[in-house]
Asks: 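Mind looking over this structure? Questions follow.
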Amino acid sequence: MHIFSQPSDVVAWRLSQQTCPIVLVPTMGALHRGHLELIREAKKTVGPHGRVIISIFVNPLQFDRALDLSSYPKPLKDDLALCEEEAVDAVFCPAEKSMYADGHSIQIHETLLSRGLCGATRPGHFSGVCTVVLKLFMITGCTAAVFGCKDFQQLAIIQRMIRDLNLPVKIIAYPTVRETDGLAMSSRNTRLTPSHRADAPRIYQSLTAAAPIHEVPQMISAAEKILLDGEITRIDYLEHVDAETLQPALNRTRPSVLAAAVYYDDVRLIDHIDLPAIH
Ligand code: PAF
């Protein structure tokens, strides 16, 4: 397994792979079972003659809170051991300096899908995501990249960036991986206190319990009641949006999404459920 820390070394490696398809799994490390499933999906997609590269980079540009960035887990040694076990071809784990030159002044701004949900309360977050993802696409020369559906707004924005900038990268969207109690897997889960961890399955429970309710205000109230019944410190948002435009949806005549972001102390967790159109 190759381990690269410099973008130029990744470029040299992928040029030496000639026409092999390359699949990228972009991560911020602290790899868990969810990531391993993304890696396995990448291997399956690329086949025996392709290459899988994992990026591990806690991208400072996408963090709006200094504490969230400084407390983000960074177990690089363990991550590399897991990548080795999964037999990935290459890992790219750059230092901040080699990704962002001093005085870097270009960023990608998405202006529509990023306005609401996480974009409303995390200023600059999606510009940071788009900028780093575009850089990772350019550096790795990947033909496809695997993203988890858990971050569905991120996924929609990256799909939009690919469409609007004509990027020759195919996105493979992988379903949310959950713990046995239903909590969506996230590197942030390890930062929950034992009591908050025991409470956190209520996030998904609130969404699944509300999903059969056809009237949107009642659906949102039902989910809110379950969220507020436990140890959640505060709800960042609980919203029903159109699945395509991500704009607030007042009814369920089109495919939609019920999405939540909550805080347990300073740990922010997100989850969502896809809802079919009701006619
Ligand atoms: O989803 C993530 O882990 C990050 O937002 C990503 C896509 C690796 C970009 O830093």
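Both ligands and their constituent atoms are indexed starting at 1 by order of listing. Remember, it's a predicted structure, so these values are computed and weren't measured experimentally.
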Asks: Hydrophobic cluster mates of Val146, side-chain heavy atoms under 4.5 angstrom, ILVMFWY only, any path?
Replies: Met1, Ile3, Val23, Val25, Leu31, Leu36, Leu38, Ile39, Val46, Val52, Ile54, Ile56, Leu76, Leu80, Leu82, Val88, Val91, Ile172, Tyr174, Val177, Met185

Asks: Counting each atom of ligand 1 from 1 as listed, which ones have a heavy atom of Thr27 under 4.0 Å away?
Replies: 8 (C)

Asks: Could you find the nearest protein heavy atom to atom 3 (O) of ligand 1 and give me its residue, atom name and distance?
Replies: Met28 CG, 3.6 Å

Asks: Run the salt-bridge test on Arg65 and Asp266 with the 4.0 Å N-O cut-off and return the result as yes or no.
Replies: no

Asks: Just by modelled atom types, is the Leu155 backbone N or O under 3.5 Å from a matching donor or acceptor in the Arg160 side chain?
Replies: no

Asks: Quick test of your reading of the model: are Arg254 and Glu244 salt-bridged, counting only N-O distances below 4.0 Å?
Replies: yes

Asks: Kindly say whether Pro123 contributes a backbone atom to a donor-acceptor pair with the side chain of Asp64 at under 3.5 angstrom?
Replies: no

Asks: Going by the atom numbers of ligand 1, which of them fall below 4.0 Å from some non-hydrogen atom of Pro26?
Replies: 8 (C)

Asks: May I ask you to check whether Asn59 has an N/O atom sitting below 3.5 Å from an N/O atom of ligand 1?
Replies: no

Asks: Would you please name every residue forming a side chain to side chain contact (heavy atoms under 4.5 Å, CB included) with Asp265, sequence neighbours left out?
Replies: His196, Thr233

Asks: Gln62 heavy atoms, cut-off 4.0 Å: which ligand 1 atoms fall inside?
Replies: 4 (C), 5 (O), 9 (C), 10 (O)

Asks: At a 4.0 Å threshold, what atoms of ligand 1 neighbour a non-hydrogen atom of Val132?
Replies: 9 (C), 10 (O)

Asks: Please confirm whether Gln154 comes within less than 3.5 Å of ligand 1 when only nitrogen or oxygen atoms on both sides are compared.
Replies: yes

